[in-house]
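For reference, positions follow the sequence shown, starting with 1.
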Amino acid sequence: MSLRATFSPLSLLGSRLEAFKRDLWMVAGDVTGRPRASFERREPLGRHLQVAAPPREVLSPRTVRVVRVVRETDDAVTLHLVDAEGAAFTFLPGQFLTLLVELDGETLRRAYSICSGVEDGGGGVAVTVKRVPGGRVSTHLLTQARDGDTLRVLGPSGSFTVALEPARRRDLVLLGGGSGITPLLSIAKSVLAREPFSRVRLVFGNRSWDEVIFRDALAELVAAYPGRFAVRHVLEVAPKGWTGGVGRLDVEGCGAELDALADEAPGCVGAQANDGEKAVEALEPPEVFLCGPEGMMAAAREALTARRVPLSRVREERFSSPGQQVAARGASDEQPLKPQPITLQGRGQGRVVVATAGQTVLEAGLRAGVGMPFSCALGGCGACKVRLVEGEVEMEEPNCLGAEERAQGFVLACASRAKSAITVEVP
């Protein structure tokens with residue numbers, strides 16, 4: 001089923017919330033002393049919103065051991081991790097871990113997507129770290145991580161996921177750039193392994209061939225799943241004899257790649273039926289997953305909108321913090337934020353702190369010594385959710401809050417900045 005034929009015009013208003021509605025599961029560790037699972041399930045919103053104090057998220061870090069360090073490129077390494085106590089990791093494809101790294105007496109938190117597939121086995125998990133110019137943590141891990149090292153991690157977290165269903169006949173279109181391939185690889189490997197009737201197509205942009213992360217792994221997937229997995233590499237600087245895409249994944253480049261996918265023959269995937277005959281059925285309308293630099297993401301959104309792709313079938317993941325996203329998009333047309341008083345009820349015990357201009361609620365609370373819950377600090381896990389009792393905030397989008405949470409007055413402390421004096425309830 002072609003991309004162009006199956007995406008029909010739908011109203012764009014209201015679908016963005018649905019596109020980013022959380023599909024986050026958290027599984028609580030056993031309180032009797034058995035090995036803890038890696039995350040706990042959140043209770044359905046309709047139930048926990050009715051109680052006066054929503055249950056507190058479990059944010060205790062677990063200790064992991066590095067069992068293998070694989071250098072993917074000059075600027076990227078994959079760390080294979082196992083639980084120090086032998087517990088297995090449970091995660092959804094596309095989720096991330098938050099690493100707590102001690103540097104110069106300071107605990108720094110950085111989120112890194114899981115690149116493992118759910119069928120990779122071994123009970124461990126792998127994350128890939130790409131060097132960020134001037135990045136303290138990424139540089140440290142890239143140059144100093146060794147087999148046998150121990151780290152503390154939180155998670156897995158995140159709603160950029162797929163729920164695996166063996167009977168599904170889905171068509172996934174993945175658009176990635178640079179280190180944005182990390183969660184997309186996890187999604188591709190998991191869907192291909194668990195959903196025999198589904199197809200995955202990846203468009204992957206990089207500056208040069210030497211900078212392509214997971215080159216060999218992607219080639220192995222193509223060989224392992226002929227007809228079900230395809231990769232289109234797009235390079236800004238192509239080597240001699242290159243037959244893939246050339247250029248940047250800007251609006252024009254993304255549009256050209258989407259059009260090429262749409263021109264493919266209708267998609268069907270076959271499998272052996274019980275009677276030995278080959279069963280062939282059409283795939284569901286494509287779902288699009290985007291992950292990469294902010295410029296590529298914006299270009300992909302524009303190209304998808306121009307092709308009347310319903311936003312309800314588009315999912316996005318960002319690696320920058322909300323503040324960095326603002327900087328990447330440029331100055332806002334709104335008036336600059338000013339310092340504002342924040343009253344922290346609940347865990348904050350009525351304490352009043354002052355947020356400096358542009359400081360998030362989470363940053364202001366932590367700087368004042370209030371024990372506010374948080375994990376990724378990227379707007380993707382919901383651990384820092386607080387209820388806005390009074391006042392007005394500016395909250396970065398997109399994030400993981402669902403429509404019902406927003407209607408109940410919840411905001412994310414890591415992504416919200418006070419536009420007036422505010423009062424929030426900290427669970």
Side-chain angles (χ1 to χ4, degrees), residues 1-4 70 72-73 76 78 93-94 113-120 126 128 130 160 162 170-239 241-250 253-269 283 286-293 296-297 299-300 303-304 314-317:
M1 188 172 294
S2 73
L3 189 72
R4 181 177 294 142
V70 177
E72 305 289 351
T73 68
T78 295
S113 291
I114 296 171
C115 59
S116 312
V118 295
E119 297 287 343
D120 283 357
T128 299
K130 183 175 181 180
F160 184 70
V162 293
R170 73 174 99 209
D171 181 14
L172 293 188
V173 175
L174 314 179
L175 270 70
S179 59
I181 185 60
T182 312
L184 299 181
L185 178 64
S186 177
I187 290 171
K189 292 168 69 173
S190 301
V191 168
L192 291 168
R194 289 281 185 89
E195 299 184 1
F197 297 100
S198 294
R199 176 177 70 172
V200 181
R201 294 175 288 171
L202 168 67
V203 176
F204 187 20
N206 286 277
R207 186 175 183 278
S208 68
W209 186 241
D210 290 338
E211 298 177 52
V212 178
I213 304 173
F214 305 133
R215 288 183 305 183
D216 294 340
L218 291 172
E220 290 170 3
L221 278 182
V222 171
Y225 298 99
R228 293 185 54 215
F229 182 61
V231 180
R232 167 78 169 176
H233 289 285
V234 180
L235 303 179
E236 294 182 34
V237 181
W242 177 252
T243 57
V246 178
R248 301 182 62 185
L249 287 182
D250 51 17
C254 288
E257 296 298 332
L258 291 172
D259 290 343
L261 293 179
D263 288 334
E264 292 182 0
C268 297
V269 175
L283 297 171
E287 302 172 66
V288 183
F289 285 72
L290 308 176
C291 189
M296 187 218 81
M297 301 272 283
L304 288 164
V314 179
R315 302 290 298 279
E316 302 182 13
E317 178 77 313

Practice task
Drop me the distance from M297's CE to E317's CD, to the nearest 0.5 angstrom.
Solution key: 7.5 Å
Handout entry: Closest heavy-atom pair and its distance - T182, S113
Key = CG2-O, 3.2 Å
Practice task
Mind checking side-chain hydrogen bond (donor to acceptor under 3.5 Å, both in side chains) for T73 and listing every partner two or more places apart, or none if nothing turns up?
Solution key: none
Exercise for the section: Flag the pair F160 / L184 as yes when at least one side-chain heavy-atom distance between them is below 4.5 Å, and no otherwise. Expected result: yes
Fill in the blank from the handout: For G178 and F204 the tightest heavy-atom approach is O-CE1, 3.3 Å
Exercise for the section: Go through the steps to decide whether W242 and V237 satisfy the test side chain to side chain contact (heavy atoms under 4.5 Å, CB included), and finish with yes or no. Expected result: CA-CA 10 Å; W242 177 252; V237 181; over 6 Å; no
Completion exercise
For T128, the side-chain hydrogen bond (donor to acceptor under 3.5 Å, both in side chains) test, sequence neighbours excluded, returns T78
Practice task
List the steps, then state whether side chain to side chain contact (heavy atoms under 4.5 Å, CB included) holds for E195 with V162.
Solution key: CA-CA 11 Å; E195 299 184 1; V162 293; 5.9 Å; no
Exercise for the section: Return the minimal non-hydrogen interatomic distance between V173 and P286, and the atom names on each side. Expected result: CG2-CB, 4.1 Å
Pairs of donor and acceptor atoms involving the side chains of residues 210-217, under 3.5 Å and at least two apart or interchain, shall be tabulated with distances.
unit_1	atom_1	unit_2	atom_2	d
E211	OE2	S208	OG	3.1
R215	NH1	W209	O	3.3

Practice task
Hey, could you give me the CG/CZ distance between L172 and F289, rounded to the nearest 0.5 Å?
Solution key: 5.5 Å
Handout entry: Heavy-atom donor-acceptor pair, S186 side chain to G117 backbone, under 3.5 Å
Key = no
Practice task
Decide yes or no on side chain to side chain contact (heavy atoms under 4.5 Å, CB included) for E257 and L175, but give the supporting numbers first.
Solution key: CA-CA 9 Å; E257 296 298 332; L175 270 70; over 6 Å; no
Handout entry: Interatomic distance, L235 atom CG to L249 atom CG [nearest 0.5 angstrom]
Key = 10.0 Å
Exercise for the section: With the side chain counted from C-beta on, respond yes when L221 and V231 share a heavy-atom pair under 4.5 Å apart, and no when they do not. Expected result: no
Problem - Set of salt bridge (Lys or Arg N to Asp or Glu O under 4.0 Å) partners for E72, sequence neighbours left out - result: none
Handout entry: Donor-acceptor contact below 3.5 Å, side chain S198 vs main chain R170
Key = yes
Completion exercise
Nearest heavy-atom approach of V234 to G247 is CG1-O, 3.5 Å
Problem - Closest non-hydrogen atom pair between A126 and S116, with its separation - result: N-OG, 2.7 Å
Exercise for the section: Would you name the heavy atoms of A223 and P226 that are closest together and state the gap between them? Expected result: O-CD, 3.5 Å
Fill in the blank from the handout: To the nearest 0.5 Å, atom CE of M296 lies from atom CG of L290 at 5.5 Å
Practice task
Output every pair passing salt bridge (Lys or Arg N to Asp or Glu O under 4.0 Å) with a member in residues 183-194, not counting sequence neighbours, ordered by first then second residue.
Solution key: E119-R194, D120-K189
Handout entry: Rounded distance [0.5 Å steps], CG in L185 versus CD1 in I114
Key = 12.0 Å
Handout entry: side chain to side chain contact (heavy atoms under 4.5 Å, CB included) between V203 and L258, worked out
Key = CA-CA 9 Å; V203 176; L258 291 172; over 6 Å; no
Practice task
Decide if atom CZ of R248 counts as having more than 12 heavy atoms of other residues, nucleotides or ligands within a radius under 6.0 Å.
Solution key: no
Problem - By side-chain hydrogen bond (donor to acceptor under 3.5 Å, both in side chains) - contacts of R207 (at least two apart) - result: none
Handout entry: Euclidean distance, R232 CZ relative to L202 CG, rounded to 0.5 Å
Key = 12.0 Å
